[in-house]
Amino acid sequence: MGRLLLLLLISPYLYSLLISTVALPTKDYHQLRPGAPFKIALFADLHFGEAESTDWGPLQDVNSTRVMCSVLDDENPDFVIYLGDVITANNIAIRNASLYWDQAVSPTRAKGIPWASVFGNHDDAAFEWPIEWFSAPGIPKIHCPVANSSCSGEEDCSFKGTQRLELMKNEIELNALSYSQFGPKELWPSVSNYVLQVFSSENPKSPVAFLYFLDSGGGSYPEVISSAQAEWFRKKAVEINPDSRVPEIIFWHIPSRAYKKVAPLFGIHKPCVGSINKEKVATQEAETGIMKLLVERASAKAVFVGHNHGLDWCCPYEKLWLCFARHTGYGGYGNWDRGARIVEITQQPFSIKSWIRMEDGSVHSEIVLSPFINRNKSM
């Protein structure tokens with residue numbers, strides 16, 4: 001088993017970024033635009049497969065695909081992160097929900113862009129039987145989504161769910177561009193816990209940034225980042241970044257309770273930046289230590305989550321930023337305009353910038369997340 005390397009040109013001097021991890025087959029170098037920073041698009045809460053037995057449900061997936069294609073065309077990112085609730089498993093009446101998962105990643109795959117994913121609370125939720133199915137005209141015919149899919153799965157049509165491990169297994173095995181991982185077995189059933197390292201080709205032994213992915217639970221088990229996950233993060237950070245010299249960016253789905261502490265009360269005012277603040281923060285069920293670890297690490301720069309469709313702000317918490325993505329999918333609750341948060345890493349000098357790209361092509365909520373500036377001082 002070799003190292004997984006992805007060559008991404010990012011500067012006028014032909015610097016490059018390499019995303020590296022271990023225990024996956026070696027992948028070919030993939031050259032991208034010279035002269036640009038490393039750009040990541042976050043696709044959050046797509047909810048593919050929602051209300052699949054209705055006329056309007058499948059149309060939502062068509063619209064969600066349109067949003068992703070629009071963002072990919074406008075931003076041409078180097079990497080994509082699927083930030084949880086890729087599917088609405090509790091509405092999917094087939095055993096292999098990977099068929100819908102595969103549809104969700106298809107726009108990114110079609111453009112040859114690598115990606116990684118984390119799980120949300122709907123991705124392996126148990127199937128919920130609609131009460132109307134128990135009256136005329138009864139249970140509808142099961143439809144297996146096979147068009148434009150790399151999964152077959154026709155024989156798997158049944159009223160059974162698909163667990164996290166199977167979803168991840170299918171994504172990894174069927175997609176050469178997927179950088180997702182199962183994560184340590186000792187953390188299962190929490191699956192999507194892993195780290196990717198961003199390197200410069202001029203000095204491949206010196207990482208530019210670490211991208212951490214954590215499974216915030218929900219669906220088949222409680223909505224929480226456990227103390228075991230926090231300890232895994234601590235040990236991994238000490239192992240690969242002992243002096244906290246390399247910046248760390250963290251991604252999970254359900255907001256931690258710290259998000260509620262910094263949430264704007266009315267509207268969005270400085271130091272927070274965003275455009276919608278239309279609901280209360282729906283947090284994890286408990287706080288077991290991950291935020292304490294992040295606050296204590298000078299290298300931790302920002303956390304990005306989804307889950308709340310009516311929130312898209314970034315707010316400072318101690319010396320790091322807590323950010324929501326933007327509701328990308330037409331599935332799920334809410335009628336707010338769709339879009340995607342963009343995260344841009346520049347190497348020299350190091351910076352992390354972010355903004356939101358909307359389906360209609362407009363851009364708003366631009367912010368510099370690193371270097372950190374205490375904007376409270378001027379208020």
*E279 vs L311, side chain to side chain contact (heavy atoms under 4.5 Å, CB included): CA-CA, chis, key distance, verdict*: CA-CA 7 Å; E279 59 178 327; L311 304 175; 3.9 Å; yes

*Which atom pair, heavy atoms only, marks the closest approach of R164 to D215?*
NE-OD2, 2.9 Å

*Mark yes or no for whether S64, through its side chain, and Y330, through its backbone, hold a donor-acceptor pair below 3.5 Å.*
yes

_Under 3.5 Å donor-acceptor, R326 side chain and D337 backbone_ = yes

*Where do G332 and H309 come nearest, in terms of heavy atoms and distance?*
CA-CE1, 3.7 Å

_Can you tell me how the ring of Y82 sits relative to the ring of W115, calling it parallel under 30°, perpendicular over 60° and tilted otherwise?_
perpendicular

*Kindly determine whether C315 and C272 satisfy disulfide (SG to SG under 2.5 Å), including the steps that lead there.*
CA-CA 4 Å; C315 289; C272 299; 1.9 Å; yes

*Is there a donor-acceptor contact under 3.5 Å linking the side chains of W355 and E75?*
yes

*Under 30°, 30 to 60°, or over 60°: which ring-plane class applies to F304 and F251, parallel, tilted or perpendicular?*
parallel

_Counting C-beta onward and ignoring hydrogens, is there a side-chain heavy-atom pair between F210 and N241 closer than 4.5 Å?_
yes

*Which atoms form the tightest heavy-atom contact between I345 and P37, and what is the distance?*
O-CB, 3.2 Å

*Please answer whether the main-chain N or O of I367 pairs with a side-chain N or O of S354 as donor and acceptor at a distance below 3.5 Å.*
no

*Does a salt bridge link R297 with E248, judged by any charged N lying under 4.0 Å from a carboxylate O?*
yes

*Residues clustering with W336 (ILVMFWY side chains joined when closer than 4.5 Å, directly or via others)*: I276, Y333

*Evaluate whether atom CG of D55 has more than 12 neighbouring non-hydrogen atoms of other residues, nucleotides or ligands under 6.0 angstrom away.*
no

*Quick one: are the ring centres of W101 and F119 less than 6.0 Å apart?*
yes

*Under the side chain to side chain contact (heavy atoms under 4.5 Å, CB included) criterion, do V195 and I240 qualify, and how do the steps go?*
CA-CA 10 Å; V195 58; I240 64 178; 4.2 Å; yes

_Does R341 qualify as a cation-pi partner of F324, given the criterion of NZ or CZ under 6.0 Å from the six-membered ring centre and within 45 degrees of its axis?_
no

_Suppose clustering is done on Ile, Leu, Val, Met, Phe, Trp and Tyr with side-chain heavy atoms closer than 4.5 Å. Which residues sit in the same group as M358?_
I356

_Classify the ring geometry of H47 against H122: parallel below 30°, tilted from 30° to 60°, perpendicular beyond 60°._
perpendicular

*Under 4.5 Å between any side-chain heavy atoms of V273 and K270, yes or no?*
no

*Which pairs pass disulfide bond (SG atoms under 2.5 Å apart) with one or both residues in residues 210-270, sequence neighbours excluded?*
none

_W252 and its side chain to side chain contact (heavy atoms under 4.5 Å, CB included) partner, picked from V303, L83, N193_ = V303

_Minimum heavy-atom separation for W188 and G183, please, with both atom names._
NE1-O, 3.5 Å

_With a 4.5 Å cut-off on side-chain heavy atoms, are K39 and N76 touching?_
no

